[in-house]
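These figures come from a predicted structure and were not determined experimentally.
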Amino acid sequence: MRAIEIIPDGANSVLRACERAIPTPGAGEVLIRVHAAGINRPDVLQRIGRYRVPDGVTDIPGLEVAGEIIGGDFGHSGFKLGDMVCALLQGGGYAEYCTAPVAQCLPIPKGLSAAQAASLPETYFTVWSNVFDRGRLSPGETFLVQGGTSGIGVAAIQIATARGHRVFATARTEEKCRACEALGAVRGIRYTDEDFGEIVMSHTNGKGVDVILDIMGGSYLPREINCLADDGRLVLIALLDGRRGTLDMGQVLHRRLTVTGSTLRPRPVEFKAAIAQNLLREVWPMLESGQVKPVIYQTFPLEQAGEAHALMESSMHVGKIVLEVA
């Protein structure tokens, strides 16, 4: 099969088309003929050597795909040969074929293309797990997402808005702030020259937001603590501004705040299977009704994965970047 591999190239690494053997599915896994694969920030971090591949996982990047099941162990999943699915992977998505735990497969929502479906798993699993399970965003609560035009951001804004929450989102430019508002945010905040804490407090009558989904860490932490409501929850899923920051533990103590975080890739299949069922029940109907929509910024042929990574690193995109496999 055709695939994309990571090749060291001096101080950096590059993506190169190659030929690899078609993988063999194990117990509880299915073989998928890939139609499209989503690009995610962890793919870029893997390429530059800052995201370790779990032991026993292929070095081919790619954490989400959409395609046709052509073999494997179906178990009691209800899937069969020929079904079109999207799937969350441990790796291997940048290829013509990949394997996936059948429990991490979901039917492609009615009305969506393979490219649209490939943009869903990594992003939607992450949002559901961190915003609604770990962050416990509950009816009537408010929500702030850092990086509102990222793949994570556009999904988080739409899902939270569809579930009735007031959402705030940060972005780099005025155009991106307006994009956040078009997706449902009540206020897009230009973090380059606006104070997101002041704006959040002014729009919540001084209460603050109940949940923050943070991809930054570092210097953002004290400002985020200041704009959390009492009993608020700060959930970290990336550390683009650095691993170290300052926390006012007095506020954490006296205002009963929760600071937590998670990464999805190392979690067991059973954990991800539970998220898949929650998405199927709670979010897939929203996708099929059009209440929530995939946002695809640009697609690239598989062999242009390097160009897709360059776009990801530029941060010029709004929404997802997808590889299409002919």
Side-chain angles (χ1 to χ4, degrees), residues 1-9 12-75 77 79-108 114-115 117-122 125 264-269 272-273 276 299-309 312 321-326:
M1 67 175 184
R2 290 179 300 135
I4 301 295
E5 61 186 0
I6 299 171
I7 300 297
D9 182 28
N12 206 339
S13 298
V14 298
L15 298 175
R16 182 181 73 181
C18 65
E19 292 287 327
R20 292 284 187 95
I22 295 174
T24 301
E29 294 184 334
V30 291
L31 180 64
I32 298 172
R33 179 183 289 117
V34 178
H35 289 206
I39 301 282
N40 292 281
R41 186 75 58 177
D43 303 344
V44 174
L45 296 177
Q46 179 182 333
R47 195 198 80 234
I48 64 178
R50 291 175 52 195
Y51 199 109
R52 189 181 73 83
V53 177
D55 293 341
V57 174
T58 176
D59 64 313
I60 297 171
L63 301 175
E64 58 185 352
V65 299
E68 178 188 356
I69 294 178
I70 61 170
D73 178 8
F74 300 97
S77 66
F79 289 118
K80 61 184 184 302
L81 287 175
D83 280 351
M84 293 293 293
V85 297
C86 55
L88 181 70
L89 314 178
Q90 282 277 56
Y94 294 14
E96 290 183 299
Y97 299 88
C98 71
T99 59
V102 70
Q104 293 172 203
C105 294
L106 286 162
I108 291 180
S119 75
L120 302 177
E122 170 69 11
F125 274 70
L264 185 60
R265 195 173 189 179
R267 302 305 295 271
V269 171
K272 297 170 187 175
T299 62
F300 292 84
L302 178 65
E303 287 77 10
Q304 293 181 17
E307 288 89 334
H309 273 221
M312 171 70 73
I321 304 165
V322 174
L323 298 177
E324 292 189 298
V325 184

>> Just so I know, are the side chains of Ile70 and Tyr97 near enough to count as touching, which here means a heavy-atom distance under 4.5 Å?
In response: yes
> Any side-chain heavy-atom pair from Phe79 and Val30 closer than 4.5 angstrom?
Replying inline: no
> Roughly how far, to the nearest 0.5 Å, is CD1 of Ile6 from CG of Leu15?
Replying inline: 6.0 Å
>> Restricting to non-hydrogen atoms, name the atom on Gly38 and the atom on Asp43 that form the minimum distance, rounded to 0.1 Å.
In response: O-OD2, 3.8 Å
> Does some side-chain heavy atom of Val34 sit less than 4.5 Å from a side-chain heavy atom of Tyr94?
Replying inline: no
> Which atom pair, heavy atoms only, marks the closest approach of Ala117 to Pro121?
Replying inline: O-CD, 3.3 Å
>> Can you list everything that forms a side-chain contact (heavy atoms from CB on, under 4.5 Å) with Val57? Sequence neighbours excluded, please.
In response: Val53, Pro54, Gln90, Arg265
> At their closest point, which heavy atom of Leu323 faces which heavy atom of Pro301, and how far apart are they?
Replying inline: CD2-O, 3.8 Å
>> Contact between Leu120 and Glu64 at the side-chain level, heavy atoms closer than 4.5 Å - yes or no?
In response: no
>> Do Leu89 and Gln104 make a side-chain contact, defined as non-hydrogen atoms from C-beta onward lying under 4.5 Å apart?
In response: no
> Between the main-chain N or O of Met1 and the side-chain N or O of Glu96, is there a donor-acceptor pair closer than 3.5 Å?
Replying inline: no
> How close do Pro23 and Leu31 get, heavy atom to heavy atom, and via which atoms?
Replying inline: O-CD1, 3.6 Å
> Is the backbone N or O of Ser13 less than 3.5 Å from a side-chain atom of Arg47, with the two atoms forming a donor-acceptor pair by type?
Replying inline: yes
>> Please list all pairs meeting side-chain hydrogen bond (donor to acceptor under 3.5 Å, both in side chains) that have one or both residues in residues 23-39, counting only residues at least two apart or in different chains.
In response: Arg33-Glu68
> Is there side-chain contact between Asp73 and Val102, with heavy atoms separated by less than 4.5 Å?
Replying inline: no
